[in-house]
Amino acid sequence: MANEQVVAALREMASLLELKGESPFQVRAYLKAADRLIEVEDVASLVREGRNLTDLPGVGKTLAEKIIHFITTGSIPQLEKLRREVPAGVVDMASLSGLGPGRVATLRRELGIESVEQLEEAVREGKVEALKGFGVKTVAAIAGSIASWKKNRRIRLHRVAREEGEEIASRLVEGGAAQAAVAGRIGRWHETASAIDVVAGVEGDAVLASIVPGGMCVEKIEGGILFTGRTTIPVRVRAVRPEPFGAALLFATASPIHAERLASIAAERGMRLEKSGLFRGDEPVPTRDEESAYRELGLPFIPPELREGGDEIDLALAGRLPRLLERSDLRGVLHNHSTWSDGKASIREMAEHASALGFEYIGLADHSRTAGYAGGLSAERLLAQMEEVEKLRSEMAPFRIFHGVESDILKDGSLDYDDDLLSRLDYVVASIHSRYGMDREGITARLTAGASNRRTTILGHPSGRLLTERDPYDFDTGAVWDAAAKGGAAIELNAHEKRLDVDWREIPGVTARGLKIAISPDAHTRKGLGEIDLAVHIARKGRLMARDVINTMTGEEMEAYLEEKKRR
DNA sequence: GCCGTTTTCGGCCCGACTGTTTTCAGTCG
Ligand SMILES: [Zn+2]
């Protein structure tokens, strides 16, 4: 039993209790316990050792019993009961922006609505607007949320889709395939996907049937099968002969334009590149992997991240492919949280873990004043934190701790502390955390002001998107990058799997202005500090090289860089 | 549901904003 499952169960109970209208304090107790468990190494082993879970702050007699029951039996009776009482459709409704527990309760009580579909119909029929407390604007906002929910429900986060793709690939290999791998958008490291593609190199296609979950209906497609996966998005599995597997995988991972271009290069060389691989006449050209497939086409290996159909093939032909950033280039991480705001680990724990991960430095940027819900720091607390960091610094040298803050960019574009206080910090991450329904002009002005503030070192998660949940703000990206360039701020590539923000499609526009990127985990836990691999792939999609990224600097260089920025 | 204690209940993280209000409830972050 993994910790994540226990945490997920407690959080699910919290949200179901909230939707049932239970006391907010009870709801918070579940969330607090879940938060506490995140930072415990392994709850299951604590239970096995007979340790008392109530020793953990936030876990009392009741929750300890539930946790033990869950770990030993895999379920919690009360959770099962709550799931029956609160239909999944109601949970979906509460996920719509503009709808919270209060309005969902009213909709259920007054109109008997228990799903987004029913809600959509009621909105259309004008029943919702007739309710007390639901005016024209509220209903319009709900309608908008329903539309974006319908769009998002067909999309999965990269990790979710990749996990299922890799599970399928390994089952194919267990079933006798010579090789199998994830292809498609996930294969070329898109941040989300609406389908999962897997290619297998295998004689015959008998193995395909073995990987379909029981009772699932399967559709036959060219060279393979299509079915609905565990994550409820379509899964396409293609079987190709083992010899040309590398070329088939390459073809399936490339964007249509990249694939087409490769196909015409193959044709020029008297070969044929298609879904099933590379052929000369009827004979497959042996390509063990993608690299050998490229070699047969007279090209160097083009990393999957670049296979978008831009000018990557021209660059490859000219021998001018960029030397892309690698995970090992990153020598430190800025923008992390601690228990001083909403982080789950202390400054010391975070710093020690960063050091253990091989980083030379950590940047601490807890939430600011206005983010009260997230334990945002008052000016006094920020100063007190400064002292604590100072003490830890001498202890941990030569490992470096940089003291910053993640300052909200307020509605008027100003930062959350006075200039004097900000000037005493090593650096500032400036970010927006509340939209206030501002329009393009308003949000652009706000971001521009935040980005160009002389104290801003990094513009945090600039688009505000939450993949599969919230669209980015509509803003004039060019104007914002220009503003950042003026003040010498870097742009963040936030590594949170739902953010991956700035969008990689925007990165060329950022680097073209001479701006740097900071790849930040935005970690709230020790484990989170290391969760930046996907962001590195995303950075590579934006063709970032080590020199474009500030946290490839050594600790010494970073110290000088931040000093220099402050003097500007 | 947890915690602490002034020992068994009462307090527990909040401030800004919006829309529908005519004095405030609900949402957001
Ligand atoms: Zn943030």
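The structure presented is a predicted model; accordingly, all values stated were derived computationally and were not measured. Within every chain, numbering begins at 1; the chains are lettered A, B, ... in the order of the sequence lines, protein sequences first and strands thereafter.
The aromatic ring centroids of Y427(A) and F402(A) lie 6.0 Å or more from each other. Ring pair W504(A)/H190(A): centre-to-centre distance below 6.0 Å. Ring centroid separation for the pair H461(A) and H433(A) comes in under the 6.0 Å cut-off.
Between D35(A) and the options H524(A), R28(A), K344(A), a side chain to side chain donor-acceptor pair (under 3.5 Å) holds for only K344(A).
Heavy-atom neighbours of R424(A) CZ from other residues, nucleotides or ligands within 6.0 Å: at or below the threshold of 12.
Between R505(A) and K541(A) there is no side-chain heavy-atom pair separated by less than 4.5 Å. Counting heavy atoms from C-beta outward, L17(A) and Q78(A) have side chains that approach closer than 4.5 Å.
As a whole-Å value, the separation of I67(A) CD1 from dG1(B) C1' is 12 Å. Between the CD1 atom of I142(A) and the C1' atom of dT18(B) there is a distance of 13 Å, rounded to whole Å. Rounding to whole angstrom units, CG of residue L16(A) and C1' of dG1(B) are separated by 16 Å. One can place CD1 of I443(A) at 14 Å from C1' of dC17(B), the figure rounded to the nearest angstrom. Rounded to whole Å, the distance from CG on L31(A) to C1' on dC12(B) is 14 Å. Between the CZ atom of F25(A) and the P atom of dG11(B) there is a distance of 10 Å, given to the nearest Å. At whole-Å resolution of the value, CG in D416(A) and C1' in dA16(B) are 12 Å apart. Summarising the geometry, the separation between NE2 on H367(A) and C1' on dC14(B) is reported as 14 Å, rounded to the nearest angstrom.
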Inset, instruction - Heavy atoms under 4.0 Å is the rule here; annotate nucleotides 21-29 of chain B 5' to 3' with B where the base is hit, S where only the sugar-phosphate is, and - elsewhere. - result: S----SSSB
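Taking a cutoff of 4.0 Å between a charged side-chain nitrogen and a carboxylate oxygen, E120(A) and K150(A) qualify as a salt bridge.
Residue Y436(A) is classed as a sugar-phosphate contact, given heavy-atom separations below 4.0 Å to backbone atoms only. Residue contacts for V136(A): at a heavy-atom cut-off of 4.0 Å it reaches the sugar-phosphate backbone alone, with no base atom in range.
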Please list, pair by pair, any protein nitrogen or oxygen found under 3.5 Å from a nitrogen or oxygen in nucleotides 2-4 of chain B.
| from | atom 1 | to | atom 2 | distance (Å) |
| --- | --- | --- | --- | --- |
| dC2(B) | OP1 | G60(A) | N | 2.7 |
| dC2(B) | OP1 | G60(A) | O | 3.3 |
| dC2(B) | OP1 | L63(A) | N | 3.1 |
| dC2(B) | OP2 | T62(A) | OG1 | 3.2 |
| dC3(B) | OP1 | G58(A) | N | 2.8 |

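Nucleotides dC12(B) and dT5(B), compared at atom P, are 15 Å apart to the nearest Å. Nucleotides dT20(B) and dG26(B) have their P atoms positioned 14 Å apart, rounded to a whole Å. Comparing dT6(B) with dG11(B), their C1' atoms sit 14 Å apart, to the nearest whole Å. Taking the P atoms as reference points, dC13(B) lies 31 Å from dG19(B), given to the whole Å. Taking atom C1' in both dC2(B) and dT8(B), the straight-line distance is 13 Å, to the nearest Å. Spacing of C1' atoms, dT23(B) relative to dG4(B), comes out at 37 Å, to the nearest Å.
The CZ atom of R455(A) sits 12.5 Å away from the CZ atom of R568(A) when rounded to the nearest 0.5 Å.
Closest approach to the T138(A) side chain among dG1(B), dC17(B), dT20(B) is made by dT20(B) (side chain taken as heavy atoms from C-beta onward).
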Inset, instruction - Applying side-chain hydrogen bond (donor to acceptor under 3.5 Å, both in side chains), run through H337(A) and D522(A) and close with a yes or a no. - result: CA-CA 7 Å; H337(A) 299 269; D522(A) 198 351; 3.0 Å; yes
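Summarising the base pairing, dT8(B) is matched to no nucleotide, lacking a Watson-Crick or G-U wobble pair whose two defining distances lie under 3.5 Å.
For K411(A) and dG15(B), the shortest distance from a side-chain N or O to OP1 or OP2 is not below 4.0 Å.
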